[in-house]
Amino acid sequence: MAQLMNWCVGEGIDPVKALLLKDVPPDAAVDFIEETLQTIKALGKVRVRGRMYDPQSQSLTVLCECREKVDTSAIPPDVLPEGSAVSWRIFGLSEQEQEGKPPVPDAGDGQDVCSLRASTPEAIIRAVGDILQKTSRPTSSDSCQHRRLRTFSGVTPPGEEQLENWVEQARLMIEECHGSEREKRMKIMESVKGPALEILQAVRFNNPNAMSIDYRDILENTFGTPESGEELYFAFRMLCQHPAEKLSEFLRCLERVLTKVIQKGGLQSATANSPSKSTHQRGHQI
C-alpha cells in the first residue's frame with residue numbers, strides 16, 4: 001500500500017496505526033465516517049486525518065488514524081454504512097508490509113497456456129497437476145491472517161461478493177488457516193450479514209458443534225445453483241479457458257466446479273482422481 005505509506009509520511013502519522021477508506025461519498029461527514037468505522041470494535045477510536053477526491057470513481061479516499069496498531073487480520077475488508085447499499089472498502093498494511101517484507105507473488109499467474117495447447121494430453125495433465133499444487137499450497141503458517149473473506153449477505157448488492165467467489169475464498173481459508181476451528185467459524189460469521197447471517201445464527205443456535213465447513217456448505221446449498229450432479233458434470237466437461245483468462249485462474253475454476261460435481265453426486269471421488277475419468281478428459285479440451 002504505497003499510497004497509504006506516502007500519505008502517512010506527509011501527515012506525520014505512524015503507518016501501522018493508519019488505514020485507507022475507499023468508495024466514500026463526497027458528501028459524507030467526518031463524524032459519520034468516524035462513527036461508521038468505530039462500529040468495528042477491533043479498530044477502537046478512529047479519527048479522519050485526510051480526504052482525497054477521485055474524479056474517476058466520483059468518491060473519496062479517506063486517511064484515518066487509529067489509536068492502536070491496525071491488525072488487518074482482525075478487521076473485515078469493508079464496512080457497510082448505515083442507510084447505504086454500497087460498502088466502503090478498507091485497506092491497511094499487512095503484517096508483512098509492517099515488517100518491511102515484500103508481498104508474496106501469486107504462483108502460476110505467469111504461465112503461458114499456448115505452450116500447453118501444443119503439448120500431448122499426458123503433458124497437459126502433468127502441468128495442470130503441478131500448477132494446481134503450487135497455487136493451492138499455503139505460503140506460510142501465517143496464511144490464515146491473509147485469508148480475509150469479503151462480505152456476503154445472500155442478496156448481493158453492488159460492491160458485495162458473489163456467492164461463487166465467496167465460497168471459494170471460504171474454502172481456501174478453511175484449508176490453509178492453521179488457526180483453531182473456532183477462529184475459522186468466527187471469520188465466516190464476521191463476513192456475512194443480512195439473510196446469510198440470520199441463517200448461520202440459526203445454525204449456531206441449533207447445532208453449536210457445527211464446523212466452519214458446515215457453515216460454508218449450508219450457505220452454498222441455500223443460495224447456490226439447483227442443478228443436479230449430472231448437469232454440473234456436463235457443464236464441467238464444456239468448460240474452456242477464455243482468451244484473457246490466466247491459466248492459474250482457469251485451473252482453480254476447474255477444481256472448484258469439479259468439487260461441486262462430486263458434492264452433488266455427479267462423479268464419484270475415486271473416479272475424479274482417475275486421469276482417465278476427470279483430468280484426462282478435461283486435458284483434451286484445454
Side-chain angles (χ1 to χ4, degrees), residues 1-54 57 59-101 103 142-153 157-161 166 169-170 173 177 179-180 182-194 196-197 200-201:
M1 285 296 295
Q3 183 183 13
L4 176 59
M5 292 287 292
N6 295 338
W7 203 347
C8 286
V9 171
E11 296 292 338
I13 298 174
D14 186 351
V16 301
K17 295 182 178 181
L19 57 84
L20 290 183
L21 197 61
K22 295 190 178 240
D23 304 328
V24 179
D27 59 351
V30 169
D31 290 346
F32 180 64
I33 296 173
E34 293 174 346
E35 290 170 2
T36 299
L37 279 178
Q38 284 166 182
T39 60
I40 303 173
K41 303 303 182 184
L43 291 178
K45 197 75 171 178
V46 180
R47 286 289 176 261
V48 171
R49 296 304 185 195
R51 292 181 293 175
M52 183 183 303
Y53 180 71
D54 180 4
S57 63
S59 64
L60 295 177
T61 296
V62 182
L63 174 66
C64 300
E65 182 180 19
C66 305
R67 179 176 296 174
E68 304 296 333
K69 177 181 175 180
V70 176
D71 182 0
T72 54
S73 65
I75 61 175
D78 50 33
V79 60
L80 184 66
E82 184 179 358
S84 174
V86 180
S87 300
W88 299 348
R89 292 179 293 159
I90 302 173
F91 296 89
L93 296 182
S94 67
E95 185 173 342
Q96 282 186 320
E97 291 171 316
Q98 292 178 10
E99 295 174 355
K101 298 176 182 178
D142 296 329
S143 60
C144 185
Q145 298 179 4
H146 306 291
R147 285 296 177 194
R148 296 165 54 204
L149 305 181
R150 292 187 63 82
T151 303
F152 175 73
S153 69
E160 186 178 296
E161 195 62 90
W166 183 89
Q169 292 173 6
M173 183 276 291
C177 180
S180 66
R182 179 178 177 276
E183 291 174 327
K184 296 177 183 180
R185 289 197 301 267
M186 185 182 303
K187 281 184 175 291
I188 290 180
M189 292 297 296
E190 289 175 346
S191 73
V192 296
K193 63 182 182 181
L197 176 60
L200 291 190
Q201 286 175 333

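Worth saying up front: this structure is predicted, and the values here are computed from it rather than measured. Residue numbers count from 1 along this sequence.
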Fill in: Minimum-distance pair of heavy atoms, taken over all atoms of Gln38 and Val46
OE1-N, 3.0 Å

Response to the item:
Heavy atoms of Trp166 and Arg150 approach each other most closely as CD1-O, 3.2 Å

Fill in: Nearest heavy-atom neighbours spanning Pro15 and Met5
CB-SD, 3.6 Å

Fill in: Flag side-chain contact, heavy atom, 4.5 Å: Thr151 against Pro76
no

Worksheet item: Quick one: CG on Leu19 to CD on Glu65, what's the gap to the nearest 0.5 Å?
Response: 10.0 Å

Worksheet item: Does a side-chain heavy-atom distance below 4.5 Å link Leu20 with Leu63?
Response: yes

Discussion item. Nearest 0.5 Å, please: how far is CE in Met52 from OG in Ser59?
Written reply: 12.0 Å

Discussion item. Please give me the minimum heavy-atom distance between Val48 and Glu34, naming the atom from each residue.
Written reply: N-OE2, 3.0 Å

Response to the item:
Note: Lys22 and Phe91 closest approach over all heavy atoms is CD-CE1, 3.5 Å

Item to complete: Before giving the answer on salt bridge (charged side-chain N to carboxylate O under 4.0 Å, His left out), spell out for Arg49 and Glu11 the whole-Å C-alpha distance, their side-chain angles and the decisive distance to 0.1 Å.
Response: CA-CA 8 Å; Arg49 296 304 185 195; Glu11 296 292 338; over 6 Å; no

Worksheet entry | Phe32: partners by ring-ring contact (aromatic ring centres under 6.0 Å, His included), with sequence neighbours left out | Trp88

Worksheet item: What is the distance from atom CG of Leu60 to atom CG of Leu21, rounded to the nearest 0.5 Å?
Response: 9.5 Å

Worksheet item: Taking the side chain as C-beta and beyond, is there a heavy-atom pair between Asp23 and Asp78 under 4.5 Å?
Response: no

Worksheet item: Got a sec, which residues hit side-chain contact (heavy atoms from CB on, under 4.5 Å) with Leu197, two or more places apart in sequence or on another chain?
Response: Met189, Val192, Gln201

Worksheet item: Quick one: side-chain hydrogen bond (donor to acceptor under 3.5 Å, both in side chains) partners of Asp54, sequence neighbours excluded?
Response: Ser57

Worksheet item: Of all heavy-atom pairs between Cys66 and Leu43, which one has the smallest distance, and what is that distance?
Response: CB-O, 3.9 Å

Practice prompt. Check the surroundings of atom CD in Glu68: do more than 12 heavy atoms from other residues, nucleotides or ligands lie under 6.0 Å from it?
Written response: no

Worksheet item: CG of Leu93 to CG of Asp14: how many Å apart, nearest 0.5 Å?
Response: 9.0 Å

Item to complete: Answer whether the closest heavy-atom distance between the side chains of Thr39 and Glu82 falls below 4.5 Å.
Response: no

Worksheet item: Rounded to the nearest 0.5 Å, how far apart are CZ of Arg51 and SG of Cys64?
Response: 10.5 Å

Practice prompt. Decide yes or no on side-chain contact (heavy atoms from CB on, under 4.5 Å) for Glu183 and Met173, but give the supporting numbers first.
Written response: CA-CA 11 Å; Glu183 291 174 327; Met173 183 276 291; over 6 Å; no

